[in-house]
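The structure's right below; bear with me while I get my questions together.
Every chain is numbered from 1, with letters handed out A, B, ... down the list of sequences.
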Amino acid sequence: MKLPKVYEPGLYENDIYALWERSEAFKPSGEGDPYAIVMPPPNANANLHIGYELTAALQDIATRYHRLKGDNTLLLPGADHAGFETQSVFEKHLAKEGKSRFDFSREELYNQIWDFVALNRGNFEKQMRRMGVSCDWSRFTFTLDDRVVKRAYKTFKKMWDEDLVYRGERLVNFCTFHGTAFADIEVVHKEEPGKLWYLKYPLTDGSGELIVATTRPETMFGDTAVAVHPDDKRYAKFIGKTVKLPLSKREIPVIADDFVDPKFGTGAVKITPAHDQNDYEAGKRHDLPKITVISTDGTMNDETPEEYRGLTVDAARGKVVTELTEQGILEKTEEHHHSVGHCYKCDNVIQPLLRDQWFIDMQPLAAEAIKALQANKITFYPETKKDQLVSYLEGLHDWNISRQIAWGIPIPAFQNVDNPDDWIYDERVGEELITIGDKTYHRDPDVFDTWFSSSSWPYATLGFESDNDQDFKDFYPLGLMETGGEILYPWVSRMIMLGLYITGDIPFKEVYIHGYVMAEDGSKMSKSIGNVVDPLPVIEQYGSDALRMGIISGRSPAVNRGYDTRRVEDARNFANKLWNVARFIEDRVGDVFAGAATAEPETTADHWVLSKLQHTIRLVSDHLEEYRFSEAYEALYHFVWDDFADWYIEASKSAPNADLLGYCLEAILKLAHPFAPFVTETIWQTINDDDTSVLATATWPKAADFDNKKAAGFEEIKAIITESRFITGVLKAQGSTLYYTDVPVLTENAALISRMARLAAVTEVKDGTGLYLVDTKYKCWLDIDAATAREYQGQLAEKRTAQEALIQRLETRLSNKGYVDNAPKKVVEETRQQLVEAQDQLESIKTEYERFGSQEA
RNA sequence: GGGUGAUUAGCUCAGUUGGCUAGAGCAUCUCGUUUACACCGAGAGGGUCGGGGGUUCGAGUCCCUCAUCACCCACCA
């Protein structure tokens with residue numbers, strides 16, 4: 001097959017992916033150890049962004065490497081219903097049509113979103129194919145698939161039976177725009193300028209007043225106490241008395257609680273148990289009533305005076321301040337920076353509101369997870385993430401899993417219509433009312449937090465406790481969980497906790513946390529700024545392999561870095577290099593040879609290239625075993641480009657070893673396949689007439705035998721060529737002749753040296769004349785006349801100075817008794833050896849320098 | 001308020017447990033169309049490793065301190 005000069009990925013990529021699917025290359029088939037990755041499922045409803053390319057690339061490189069190694073390898077794909085995310089997208093869609101979620105029942109909304117997702121779905125599957133992800137599509141799992149839902153119910157039931165899940169009225173983080181509660185971890189805290197208002201609360205008995213400081217005066221309608229520190233002498237006499245709450249007629253007690261910081265504000269704080277977490281806790285301790293004054297839509301409710309009802313929180317605040325000012329109750333106002341919780345989606349201020357919700361008692365789960373982590377049962381890349389996770393788990397609060405949205409898995413719980421405290425577990429969530437005996441129960445209208453069901457992802461996808469649990473037996477615990485740092489807490493931690501709780505084993509053995517792909521200038525990518533990079537046009541322009549290699553190159557785990565077009569270009573060039581290496585070799589060897597080529601080194605260069613290949617195989621393997629993707633890529637890149645293309649191919653033009661060229665090409669294609677799956681497979685198909693042979697399921701290369709001494713001999717030849725190139729370059733003396741004394745290896749490689757150094761001839765002599773080479777241990781001269789060579793003296797002088805400095809350093813080191821006595825013997829020996837070599841070389845340089853010096857005289 | 005990470009060439013970053021003259025890619029400069037590739041080849045220049053102190057025979061690497069930046073966590077009214 002005649003290959004075109006330039007690799008054009010667009011001509012081959014789709015066919016290659018189809019070939020892989022046709023040949024079922026991505027089904028687990030290895031006989032080695034199991035190695036499975038379950039992909040963090042992308043949102044079924046969204047297009048994949050450039051960050052997903054990084055995830056996909058890292059997982060796919062690991063997967064393809066293990067598959068080639070012969071492991072029983074599985075990359076399992078999926079998609080996320082992304083409950084709240086998707087519903088808010090759908091609500092925007094409704095808003096465009098002038099509708100809102102309130103126009104529909106929960107069932108109607110659910111069905112509409114289902115259709116909406118079905119319509120927009122499928123895009124990401126195409127995109128993942130374009131990215132070359134080698135996942136087994138037959139195992140594709142959607143987070144609303146029956147087995148996932150069933151799994152969530154089983155987990156909930158187990159927790160229900162074991163009293164890990166409870167229903168209770170708690171202060172929850174509520175978004176009044178979206179009308180749902182969130183878990184603590186979903187709230188975004190922002191440091192903001194605000195105000196601290198000082199309000200006078202008069203004592204009921206007229207004995208004076210207390211001044212309280214608050215950032216939220218509008219909640220004063222819900223105040224049920226004023227608290228001071230028990231040791232605060234200023235207020236000791238007030239404790240036990242009552243104050244009259246301004247703007248309402250209620251009297252509230254003054255209590256003592258040591259959570260109060262006497263140094264903050266006035267040291268007296270109003271207590272609003274229904275709208276502040278601290279106050280809620282204090283209220284519990286002192287058995288205070290909880291008065292809710294803000295409703296779920298974010299307006300003041302009927303507990304407030306008539307003129308406030310229906311006002312938004314902000315408006316109410318303004319009105320309260322105005323009124324208090326008029327009544328002389330506002331003592332003063334201060335600027336005050338504080339942290340305020342926001343909805344991560346709409347940025348509205350989160351209101352702490354009292355709600356009945358389902359909570360999971362996290363203590364026992366976290367304790368087990370901490371134990372497993374501290375026993376190092378899971379390896380983290382980078383390892384600092386482990387400690388971060390442990391300290392997160394140590395401070396974990398109970399988890400609110402109720403969400404007031406339609407798009408999700410309904411909670412299988414029903415409430416007795418006659419007895420609000422009577423809740424039962426039942427999976428008949430399709431029905432709103434059920435009857436058991438003479439009791440009627442009403443379904444909980446809420447759905448699970450998406451993270452609750454996806455915490456079971458590692459074993460739910462493998463069919464744990466289902467009719468077909470072979471995958472679970474084969475692949476659990478998973479090999480690797482590869483994901484971004486933003487879901488270390490909300491997802492990775494919970495998978496570990498629930499994995500241990502449900503299966504008794506860790507869900508995965510390794511966790512790799514990648515950094516984010518930032519915009520080219522290093523800032524965050526965001527749709528509103530418009531600096532988002534779409535992966536597909538990049539793939540169109542440069543090829544899928546180029547984007548893959550470009551995006552992983554130079555990246556370390558958990559380090560954010562900007563997207564860099566130059567790296568992608570460079571990777572595109574590398575793909576083209578592979579292509580042209582193949583073109584050259586196919587030209588020499590013929591089309592069909594895969595598997596037939598054997599490694600029988602003949603020339604010095606042959607031995608050398610095999611030594612380099614062996615080294616590279618080991619390097620790439622070692623790096624990939626430890627997930628050093630960028631380093632592995634770099635090792636491959638340098639071998640292919642610098643060693644193989646620039647030296648070996650050039651050398652082979654003088655003495656081609658067709659078999660060995662073919663052998664090396666095969667090895668290179670295999671080594672490069674995880675990084676550049678498309679171009680390597682495309683080439684592979686051109687060197688195989690057997691169309692059942694697929695590179696994706698080939699075997700990782702093994703090193704061939706070679707002679708170390710001969711391999712080292714080629715390093716001398718390289719040195720001679722490099723120095724000759726340098727000298728002839730500086731002196732513009734191309735076409736010189738190289739003389740050398742009796743050295744067989746130079747005789748063998750004379751043609752090669754002549755060609756690569758662009759010399760007229762390489763001739764053996766008894767005694768040479770001209771410019772003596774100093775970088776090789778062999779005796780070689782370039783036949784450059786004295787006058788021209790004198791120009792080279794400057795270069796020699798620099799070289800001599802550098803060499804003398806080096807020798808100075810080495811001698812100082814060796815004359816240091818501390819060094820010789822303390823450093824490892826091996827290191828000292830190396831230094832001695834180095835000194836000897838440096839001195840020899842200095843002698844050569846000196847002799848050469850002085851020779852031209854004397855000729856000059 | 002706590003915690004973590006970062007600071008190395010013009011740019012983006014490597015540098016594994018302290019040990020050869022600190023590396024890579026891109027960018028820059030010079031030369032070159034030699035029959036795989038100009039998405040190419042040959043060569044060159046460029047860093048007192050953020051500042052200061054310490055440990056050590058030896059520090060980019062370990063310790064202390066200062067500075068700057070980034071991120072995460074946290075219920076200061």
Taking OP1 and OP2 of C40(B), is either one under 4.0 Å from a side-chain nitrogen or oxygen of N573(A)? yes
Identify, between I721(A) and V6(A), the residue whose nearest nucleotide on RNA chain B lies closer to the 5' end. V6(A)
Would you please confirm or rule out a distance under 4.0 Å between OP1 or OP2 of C13(B) and any side-chain N or O of S630(A)? no
Out of A74(B), G25(B), C39(B), minimum distance to the side chain of R567(A) belongs to G25(B)
At under 4.0 Å, does any side-chain N or O of H638(A) touch on OP1 or OP2 of A24(B)? no
May I ask you to evaluate whether K577(A) reaches the phosphate of G41(B), defined as a side-chain N or O under 4.0 Å from OP1 or OP2? yes
Which whole-number value in Å describes the distance from E569(A) CD to C37(B) P? 21 Å
With respect to the side chain of N576(A), which nucleotide from G41(B), C39(B), C11(B) is positioned closest? C39(B)
Using a 4.0 Å heavy-atom cut-off, does S556(A) contact any base of the nucleic acid, only the sugar-phosphate backbone, or nothing at all? sugar-phosphate
OP1 or OP2 of G25(B) versus the side-chain N and O atoms of W641(A): is any pair under 4.0 Å? no
Spacing of I683(A) atom CD1 relative to C37(B) atom P, expressed in whole Å: 15 Å
According to a strict under-4.0 Å criterion, is H338(A) in side-chain N/O contact with OP1 or OP2 of C76(B)? no
Distance, rounded to the nearest Å, where R725(A) contributes CZ and A44(B) contributes P: 11 Å
Check L171(A), T224(A), L354(A) against K290(A) for a side chain to side chain contact (heavy atoms under 4.5 Å, CB included) and give me the one that passes. L354(A)
Check whether the side chain of E631(A) and the base of A24(B) form a donor-acceptor pair under 3.5 Å. no
Assuming nearest nucleotide by heavy-atom distance, tell me which of F726(A) and V559(A) is located more 5' along RNA chain B. V559(A)
